[in-house]
Student: 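Let me begin by handing over the structure; questions about it come next.
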Amino acid sequence: QNLSPDESVLVYLARLYETTAPEKSMQCLTQLEQIQLASIPEDARPDIDDQDELNAALRESLPPQLLNNMGCFLYQNEKIALARGLFQSALNSCVQAKEKTEDTDPDALVTTISYNLGRTYEAADMWDEAKKVYEGLLERHSNYTEANARLTYIALRQSPTDEGPKKIAKLYESDNTNLEVRSLYGWYISKSKKRVANLAEDNEQRHFKHTLQYHDKHDRYALTGMGNVHLLFARDMRRDTEQDKEKRRKMYQRAVEFYDKALQLDPKNAYAAQGIAIALIDDRKEYSAAVQVLSKIRDTIKDPSVYLNLGHVYAELRQFARSIEHYETALSKDRARDVQILACLGRVWWLKGKQEANLAAMKTALEYAERARTVSPDQLHLQFNVAFVQNQIASLAYGLQPTQKTLQDVQEAADGLKEAIETFERLSKEKSPPYPSAALEQRANMGRTISKQLDRAMQSQKEYEEKNAAKLQQAREAREEAARVREEALRKAQEVETERKQRIAEERAQMVEEVQRHAARRAEDDRAREEAELTNDSETGDRVKRKKKPVSKRKKKGDDFIAEEDDEHDAHSGESDAGEAPKKKRRLERRSGKPKADKEKAEKPGKYKSSEMVVDSDDEPASEKEETTTRRRGNASRRLADDDVEEDE
């Protein structure tokens, strides 16, 4: 932690962590890879911008052992694509290493890495590429048993009835002492054998027993296989009497002994632990304990059998949703055409449909049963399963209320029931029927009775749907009429609202127009007033603001105020005899609230320097005198320019 990591220390740590903590081992190898990538000189690095592509190119300069080990860890973690890339880089690294040092023969490394690359092709269902890799290995090493075994396995997967059995027989004949070959042959027997009533006559049991007796008594695959054989026989044993139950219990106990021996040799043997969990379920009905064991196994191995067994347990616990989920997971793990899983899915969907009276679940059960029959059409029990589900669908369709089914459902159930009756009759005539012939014939007769009931149910369902259709049509028309009325009311309301908004808009437009007219009129008045206040300048001729004449100064003579210009006017008036008559002048008198006569009596003569009254000309009319007096009273507070006043008057 405190020093720079040492490569040899990382290698030793990876080796120590390999079995106890694989993820830590992978971390050590990854750190070692980064150190070695960083140590590559710049002149040896290719000119690649993308970092991932650059690392992939640089890895070909690393030791192939490191890349191979990292690929193995990725393969175990199901990161198949990454593992395949590392194995390919390791092969290229081997080629470069051979070019650099001629004395080094990397054939052993190339063989191992090529085999691992072929396994990644298998995991990705790239069968042709895997076959090319294994065939190339056999061309260089014809006695490479593992490569030959993988080719045989691929043949069994692709052609389980023709080429596969021929290849496995040839392989077993050529190398029957190899434990890997014997294990593969035992797997083939378990998939292809016919069931027998006597355990001693079972080919799989005899094969594994021979392996334990004459080859390796500690072979873990053979021990686990023997446990599986005893477990299957115990499950099929009779349990009518106490003696039968005791024999069955001892058979389960024998299976558990084989599993226990395998676990002693390999405590991490998840398949043996799974066998013990199955024994707990079948023999002691300890479902909860079995679920705990299987859940731990599921986290350890990714084999479809674990999910298949969990599906069985949850089906027994009536947890159908979880059961279906685990069956589907098992089916998706490279076993899409597995008849057993398809049949189990059909069964659990049938149980779900029966418990919930769900016709859709029943139809799903029929689909899985038909898929299983399609994969293996010669299996009589699969044909029986299809007919059985069809019969169950017919019974359910007859018992459901008219509101829970349709005429099409009843018609499909009737058609399926006719096919089921024919299947029951055909199976009853087989040499080895899945059920006694009498029971099959009884089911066929029961199916005919149900068929008559379905005919009546079909007629009543048709009448119900016709009446219901009429009611639905009436209700639909009523809803449409109500919707039309609502739409009409909404349309009218929208029209009223539109008219109101239009009226408001017009009123607003009129108001705006009136305001604009008023503003224009005011602007015009302002321009006229400004124009009136302007005059032509006598010197420049420009328009300038009119100047007011200065107000004359007045001279105070006693209490009377007489404008100085009056004398001038008098003088001028005397000079204007050649033309028009001189204008009449008004003399201003002092304002007083008393009448003129009273004032003359009340005032003492000689008090003022001049006379109290300024007498106008005798030719001035009386009305004009009154008007002059009134104007004097109203305008006494302002000072008048004599010329302007006389011109205005």
Student: For salt bridge (Lys or Arg N to Asp or Glu O under 4.0 Å), just list the numbers for Glu481 and Arg484, CA-CA rounded to whole Å, side-chain angles, deciding distance to a tenth of an Å, and then say yes or no.
Tutor: CA-CA 5 Å; Glu481 179 64 22; Arg484 188 187 62 78; 2.4 Å; yes
Student: Can Gln473 and Arg476 be counted as having a side-chain donor-acceptor contact under 3.5 angstrom?
Tutor: yes
Student: Please indicate whether Glu173 has more than 12 foreign heavy atoms, meaning atoms of other residues, nucleotides or ligands, lying under 6.0 Å from its CD.
Tutor: no
Student: Which atom pair, heavy atoms only, marks the closest approach of Ala457 to Tyr398?
Tutor: CB-CD1, 3.9 Å
Student: For the residue pair Arg235 and Ile278, establish whether any side-chain heavy-atom pair is separated by less than 4.5 Å.
Tutor: yes
Student: Determine whether a donor-acceptor pair (N or O, by modelled atom type, separation under 3.5 Å) exists between the side chain of Ser159 and the backbone of Ala155.
Tutor: no
Student: Please check this pair: side chain of Asp202 against backbone of Gln205, looking for a donor-acceptor N/O pair closer than 3.5 Å.
Tutor: yes
Student: Does the side chain of Ile154 come within less than 4.5 Å of Thr152's, by heavy atoms?
Tutor: no
Student: Going by an N to O cut-off under 4.0 Å, is there a salt bridge joining Glu495 and Arg491?
Tutor: yes
Student: With heavy-atom distances below 4.5 Å as the criterion, would you say the side chains of Met126 and Arg84 are in contact?
Tutor: yes
Student: I would like to know whether Leu156 and Lys191 meet side chain to side chain contact (heavy atoms under 4.5 Å, CB included); could you show each step before the answer?
Tutor: CA-CA 10 Å; Leu156 287 171; Lys191 298 296 181 182; over 6 Å; no
Student: Would you give the length of the straight line joining atom CG of Leu345 to atom CD of Glu328, rounded to the nearest 0.5 angstrom?
Tutor: 5.0 Å
Student: Determine, step by step, whether Ile281 and Asn309 satisfy the side chain to side chain contact (heavy atoms under 4.5 Å, CB included) criterion, reporting the C-alpha distance in whole Å, the side-chain angles of both residues, the deciding distance to 0.1 Å, and the verdict.
Tutor: CA-CA 10 Å; Ile281 297 169; Asn309 290 323; over 6 Å; no
Student: Taking Leu400's backbone N and O only, do any of them form a donor-acceptor pair with Lys405's side chain (distance below 3.5 Å, no angle check)?
Tutor: yes
Student: Between Tyr327 and His312 (side chain of the first, backbone of the second, donor and acceptor by atom type, cut-off under 3.5 Å), is there such a pair?
Tutor: yes
Student: Evaluate the salt bridge (Lys or Arg N to Asp or Glu O under 4.0 Å) criterion for residues Lys166 and Asp162: first the C-alpha distance (whole Å), next the side-chain angles of each, then the deciding distance (0.1 Å), finally the verdict.
Tutor: CA-CA 7 Å; Lys166 294 178 183 178; Asp162 186 17; 3.6 Å; yes
Student: Calculate, to the nearest 0.5 Å, the distance between atoms CG and NZ belonging to Leu265 and Lys217 respectively.
Tutor: 10.0 Å
Student: So, the side chain of Gln274 versus the backbone of Val306: is there a donor-acceptor pair under 3.5 Å, distance only?
Tutor: yes
Student: Once rounded to the nearest 0.5 Å, what's the spacing between atom NZ of Lys247 and atom CE of Met237?
Tutor: 7.0 Å
Student: For residues Gln459 and Asp455, is any side-chain donor paired with an opposing acceptor at under 3.5 Å?
Tutor: no
Student: More than 12 heavy atoms of other residues, nucleotides or ligands under 6.0 Å from CZ of Arg284: is that the case?
Tutor: no
Student: Does atom NZ of Lys79 have more than 12 heavy-atom neighbours from other groups under 6.0 Å away?
Tutor: no
Student: Is there a side chain to side chain contact (heavy atoms under 4.5 Å, CB included) between Glu163 and Gln158? Walk through the geometry before answering.
Tutor: CA-CA 8 Å; Glu163 184 182 358; Gln158 293 182 331; over 6 Å; no
Student: Donor-acceptor check, side chain of Ser428 to backbone of Ser437, threshold 3.5 angstrom: yes or no?
Tutor: no
Student: I'd like to check Thr145 versus Glu180 (side-chain heavy atoms, cut-off strictly below 4.5 Å). Are they in contact?
Tutor: no
Student: Between His381 and Tyr435, does the ring centre distance come in under 6.0 Å?
Tutor: no
Student: Heavy-atom count around Arg322 CZ within 6.0 Å, excluding the residue itself: above 12?
Tutor: no
Student: Which class fits the ring pair Tyr188 and Tyr185: parallel under 30°, tilted 30 to 60°, perpendicular over 60°?
Tutor: tilted
Student: From His230 NE2 over to Met251 CE, what is the distance, rounded to the nearest 0.5 angstrom?
Tutor: 5.5 Å
Student: Is the backbone of Ala83 close enough, under 3.5 Å, to the side chain of Tyr75 for a donor and an acceptor to pair up by distance?
Tutor: no
Student: So how far is it from Gln404 CD to Leu359 CG, rounded to the nearest 0.5 Å?
Tutor: 9.5 Å
Student: For the pair Lys209 and Leu212, evaluate side chain to side chain contact (heavy atoms under 4.5 Å, CB included) and give the outcome as yes or no after the intermediate values.
Tutor: CA-CA 5 Å; Lys209 184 177 181 181; Leu212 293 172; 5.9 Å; no
Student: Contact between Tyr314 and Ile324 at the side-chain level, heavy atoms closer than 4.5 Å - yes or no?
Tutor: no
Student: How about Glu135: does its CD atom have over 12 heavy atoms from other parts shown lying under 6.0 Å from it?
Tutor: yes
Student: Distance alone, cut at 3.5 Å: any donor-acceptor contact between the side chains of Thr211 and Asp219?
Tutor: no
Student: Which residue in the set Thr224, Asn269, Asn228 passes side-chain hydrogen bond (donor to acceptor under 3.5 Å, both in side chains) when paired with Tyr259?
Tutor: Asn228
Student: Starting from the C-alpha separation in whole Å, work towards a yes-or-no answer on salt bridge (Lys or Arg N to Asp or Glu O under 4.0 Å) for Arg254 and Glu257.
Tutor: CA-CA 5 Å; Arg254 182 63 174 164; Glu257 289 176 358; 3.1 Å; yes
Student: After noting the C-alpha distance and the side-chain angles of Asn445 and Glu441, does the key distance pass the side chain to side chain donor-acceptor pair (under 3.5 Å) rule?
Tutor: CA-CA 6 Å; Asn445 294 330; Glu441 292 176 357; over 6 Å; no
Student: Are Leu342 and Val339 packed together at the side-chain level, in the sense that at least one heavy-atom pair is separated by less than 4.5 angstrom?
Tutor: no
Student: So, Asn148 versus Tyr134: side-chain donor-acceptor pair below 3.5 Å or not?
Tutor: no
Student: Hey, are Lys352 and Glu356 close enough for a salt bridge, meaning a charged N less than 4.0 Å from a carboxylate O?
Tutor: yes
Student: Side chains of Asp415 and Gln411: donor-acceptor distance under 3.5 Å anywhere?
Tutor: yes
Student: Asp282 and Arg248: salt bridge (Lys or Arg N to Asp or Glu O under 4.0 Å), yes or no, with the steps?
Tutor: CA-CA 10 Å; Asp282 290 345; Arg248 185 170 181 268; 5.7 Å; no
Student: So, does Thr423 use its side chain to make a donor-acceptor pair with the main chain of Glu419 at under 3.5 Å?
Tutor: yes
Student: Hey, does the side chain of Ser183 reach the backbone of Leu179 with a donor-acceptor pair shorter than 3.5 angstrom?
Tutor: yes
Student: Of the non-hydrogen atoms in Gly447 and Ile421, which two are nearest, and what is the gap between them?
Tutor: C-CD1, 3.5 Å
Student: How about Lys452: does its NZ atom have over 12 heavy atoms from other parts shown lying under 6.0 Å from it?
Tutor: no
Student: Taking atom NZ of Lys296 as the centre, does the number of heavy atoms from other residues, nucleotides or ligands within less than 6.0 Å exceed 12?
Tutor: no
Student: Give a yes or no on whether the backbone of Thr406 and the side-chain of Asp409 come within a donor-acceptor separation of less than 3.5 Å.
Tutor: yes
Student: Whether Arg150 engages the ring of Tyr153 as a cation-pi pair (distance to the six-membered ring centre under 6.0 angstrom, angle to the ring normal within 45°) should be assessed.
Tutor: yes
Student: For atom CD of Gln408, is the number of surrounding heavy atoms from other residues, nucleotides or ligands below 6.0 Å larger than 12?
Tutor: no
Student: Is Glu316 close to Lys285 at the side-chain level, that is, under 4.5 Å between some pair of heavy atoms?
Tutor: no
Student: Indicate whether any N or O donor in one side chain lies under 3.5 Å from an N or O acceptor in the other, for Asn116 and Arg119.
Tutor: no
Student: I want to check something: taking the side chain as every heavy atom from C-beta on, are Tyr221 and Tyr271 in contact at a cut-off of under 4.5 Å?
Tutor: no
